[in-house]
Amino acid sequence: MKDLSLSPLDIGIIIVYIVGIIIYGLKKAKRKDSEEYFLAGRNMTWPIVGISLFAANIGSSTLIGLASDAYKTNVAVYNYEWMAAVVLVFFAVFFLPFYLKSKVYTMPEFLERRYDSRSRYYFSFITVLGNVVIDTAAGLYAGNLILKLIFPEVNSTVIIIVLALAAAAYTIPGGLSSVVHTEVIQAMILVIGSTILTYYAFSAVGGWSGLIHGLHAQIDAGKLHTSTKEIFSLVKSSKDPLMPWTGLVFGVPLLGFYFWANNQFMVQRVLSAKDLNHGRWGALFAGLLKLPVIFIMVLPGVIAIVLYSNMDISSLHYYTVNDATGARMLCTHLSQCPNLTYPVLIYSLLPKGVLGLVIAGLLAAMSSSVSATLNSASTLITMDFVHKIKPGLTSKQLVRVGQIATVILVVIAALWAPQIDRFGSLFQYLQMVLGLIAPPVVAVFLLGLFWKRGNANGAFVSLITGLAIAIFVFLSEIYGWSDTINNIHFLNKAPLLLLICMGVHVGVSLATGKPSAEKVENMTWSKKIFREETAELKGLPWYKNYRYLSIILLLLTAAIVFWFR
């Protein structure tokens, strides 16, 4: 593969985009008070909420991760995407009404109202850590992955710092309003760029028939030890090394529930909705936008199996960390560095001008996810820690605290981002870490909403137990303490950890006192709520009734899953 370079046209498009998005973000700033800065004044309509959710989720790390995992595991990685639609329906039906009616700023604040401050502080700390280590750092890493191929002589740290500053340029002064409005533009560029790449990828491989023929040729040559049916199947065997069906049924929904229903940087967008209907419509719209991802973001990674499995990529001068020795290793083939799948696709297939547009889209995705996590993490630090310690601070002072917190978080994420190379696939890194953080949190949210007997002691002890087990499992994977634990797939570990945490929660709650009526009456779901809501929805036409919209979304999802079963 030839060395990479960008034409003046490509560079011009990228520069215009970066400058333009910063200016646009600053124009959409809202920072008069804390509610404007952290929740955009709670005045967002459903299209903005939905597109913002989609853009914040499909960041550069997800784009690169989907392509690399599709190259390694075929279309099975799409299970994370369609499951999001199912989770968002559950979220819109049960959890969202409690979030919006309680007028909370953060998810940890909701836990405090249902349990106590101990759960709030724990979840705040874990969420900030996850935002920085998982989301922000991964977004910067992905942006570096693209630009490092163009500028191999530039140190990765310098590239990451520049990317971080670009994302923070409008996030720090503008708050959530700047983030959400820029995400709408970024999502449009992202989808257009991904569609263009898919077109060129299918053209290069000879269309659908050419893809099937190419895969058969690789199978016949012994280079692929599978079948085309298996390649395009979403459901794998229980022993599949990358996504066993048990993990699909139990693990993927758990991770999705944490990500969409508990994670501050996603839920914060729905909290900015002007009312409950707009929040619900926006959440369902985001689920709808996830469905075409298999065609425009996953299948190009499968096409790369045919086009680039035998390509020598050593001329890219990209290094990774050898799993066995820990030493730096030059990437010569995609099988060694699957994270390069997406960069190889765009640099090999796209003509001048179009390449600049797609890279701008990728940087848009990076900027979107990084700015989203920075804003949500600074919200947590400000509202869950600083405001609690110093309740006398004015709204403007809280905004200043949030801005300072964002600067600190940018620095931490930039320092951690280069370490992601040690974890192999970017998407696997994201899901593995999430699989350890999510189960204890999901346990307390589920039991808190649906079990009135759950109390603060049960919640806190289960959170701490889950954290201790998660740390042990993580260290065991690094140092090889237990082969039995290490051999369990991370998608199977997550539901096992969930069951343990729920068991601890139930046991401790039953052994200690009942929660107060105040903690239960307004913070738990009941059939009465469903009946009252049914009466309220009677006057709405079907296209405004979120229940009908939910059914339509689930039917569309089922059709795609059935097609790729």
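Residue numbers count from 1 along this sequence.
- Trp260 is listed as a side-chain neighbour of Leu53, based on a closest heavy-atom distance under 4.5 Å.
- Of all heavy-atom pairs between Met311 and His333, the closest is O-CD2, 3.3 Å.
- The nearest pair of heavy atoms linking Thr557 to Ala85 is OG1-CB, 3.6 Å.
- In this structure, Glu230 and Lys236 have side chains that are in contact, with non-hydrogen atoms separated by less than 4.5 Å.
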When the side chains of residues 286-303 are checked against the rest of the protein, which donor-acceptor pairs come out under 3.5 Å, sequence neighbours left out?
residue	atom	partner	partner atom	Å
Lys290	NZ	Asn57	OD1	2.1
Lys290	NZ	Glu81	OE1	2.4

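- The side-chain heavy atoms of Tyr308 and Leu345, taken from C-beta on, include a pair separated by under 4.5 Å.
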Starting from the C-alpha separation in whole Å, work towards a yes-or-no answer on side chain to side chain contact (heavy atoms under 4.5 Å, CB included) for Val561 and Phe564. CA-CA 5 Å; Val561 174; Phe564 287 96; over 6 Å; no

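- Between Tyr347 and Leu340 the shortest side-chain heavy-atom distance does not fall below 4.5 Å.
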Sequence neighbours left out, cut at 3.5 Å: what donor-acceptor pairs do the side chains of residues 201-210 make with other protein atoms?
residue	atom	partner	partner atom	Å
Ser203	OG	Tyr199	O	2.9

Decide side chain to side chain contact (heavy atoms under 4.5 Å, CB included) for Ile48 and Thr45; before the verdict, give the C-alpha distance in whole Å, the side-chain angles of both, and the deciding distance to 0.1 Å. CA-CA 6 Å; Ile48 303 295; Thr45 57; 3.7 Å; yes

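- Under the side-chain contact (heavy atoms from CB on, under 4.5 Å) test applied with Leu197, the options Leu350, Leu63, Ile192, Leu355 reduce to a single match, Leu350.
- Interatomic distance, Ile437 CD1 to Leu129 CG, rounded to the nearest 0.5 Å: 6.0 Å.
- Taking both residues in full, the closest heavy atoms of Val75 and Leu234 are given as O-CD2, 3.3 Å, listed atom of the first, atom of the second, then distance.
- Here Asn79 pairs with Trp82 under the side chain to side chain donor-acceptor pair (under 3.5 Å) rule; sequence neighbours left out.
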Run the side chain to side chain contact (heavy atoms under 4.5 Å, CB included) test on Ile560 and Tyr78 for me, step by step, so that the C-alpha distance in whole Å, both residues' side-chain angles and the decisive distance to 0.1 Å come before the verdict. CA-CA 11 Å; Ile560 293 178; Tyr78 177 66; 3.8 Å; yes

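- Between Thr332 and Ile313, the closest side-chain pair of non-hydrogen atoms is not below 4.5 Å.
- Within a 6.0 Å radius of NE2 in His213, other residues, nucleotides and ligands contribute 12 heavy atoms or fewer.
- Contact annotation: the side chain of Leu491 approaches that of Leu255 to within less than 4.5 Å [non-hydrogen atoms, C-beta and beyond].
- For the atom pair CD1 (Ile189) and CD1 (Ile359), the distance works out to 13.0 Å, reported to the nearest 0.5 Å.
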Working note: Val235 + Met243, criterion side chain to side chain contact (heavy atoms under 4.5 Å, CB included); need CA distance, chi angles, decisive distance, verdict. CA-CA 8 Å; Val235 183; Met243 187 171 289; over 6 Å; no

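- Taking every heavy atom of both residues into account, Ala92 and Arg280 meet most closely at O-NE, 2.7 Å.
- At least one donor-acceptor pair closer than 3.5 Å links the side chain of Thr341 to the backbone N or O of Pro338.
- Under a 3.5 Å cut-off, the side chain of Asn263 and the backbone N or O of Met266 do not form any donor-acceptor pair.
- Ile305 CD1 to Asn74 CG: the interatomic distance, rounded to the nearest 0.5 Å, is 5.0 Å.
- In this structure the side chain of Asn310 reaches within 4.5 angstrom of the side chain of Lys223, judged on heavy atoms.
- Nearest heavy atom pair, residue Val267 against residue Met107, reads CG1-CE, 3.4 Å.
- A heavy-atom distance below 4.5 Å is not found between the side chains of Leu549 and Leu553.
- Considering every non-hydrogen atom in both Asn339 and Ser68, the closest pair reads OD1-OG, 3.6 Å.
- Taken from CG in Leu66 to OG in Ser194, the straight-line distance is 9.5 Å, to the nearest 0.5 Å.
- Below 30°, between 30° and 60°, or above 60°: for Phe285 and Trp46 the angle between ring planes is above 60°, a perpendicular geometry.
- Panel note: side chain His489, backbone Pro244; no donor-acceptor pair is recorded below 3.5 Å.
- Here the OH atom belonging to Tyr71 is positioned 3.5 Å from the OG atom belonging to Ser309, to the nearest 0.5 angstrom.
- Here Leu88 contributes atom CG and Phe259 contributes atom CZ; the two are 10.0 Å apart, rounded to the nearest 0.5 Å.
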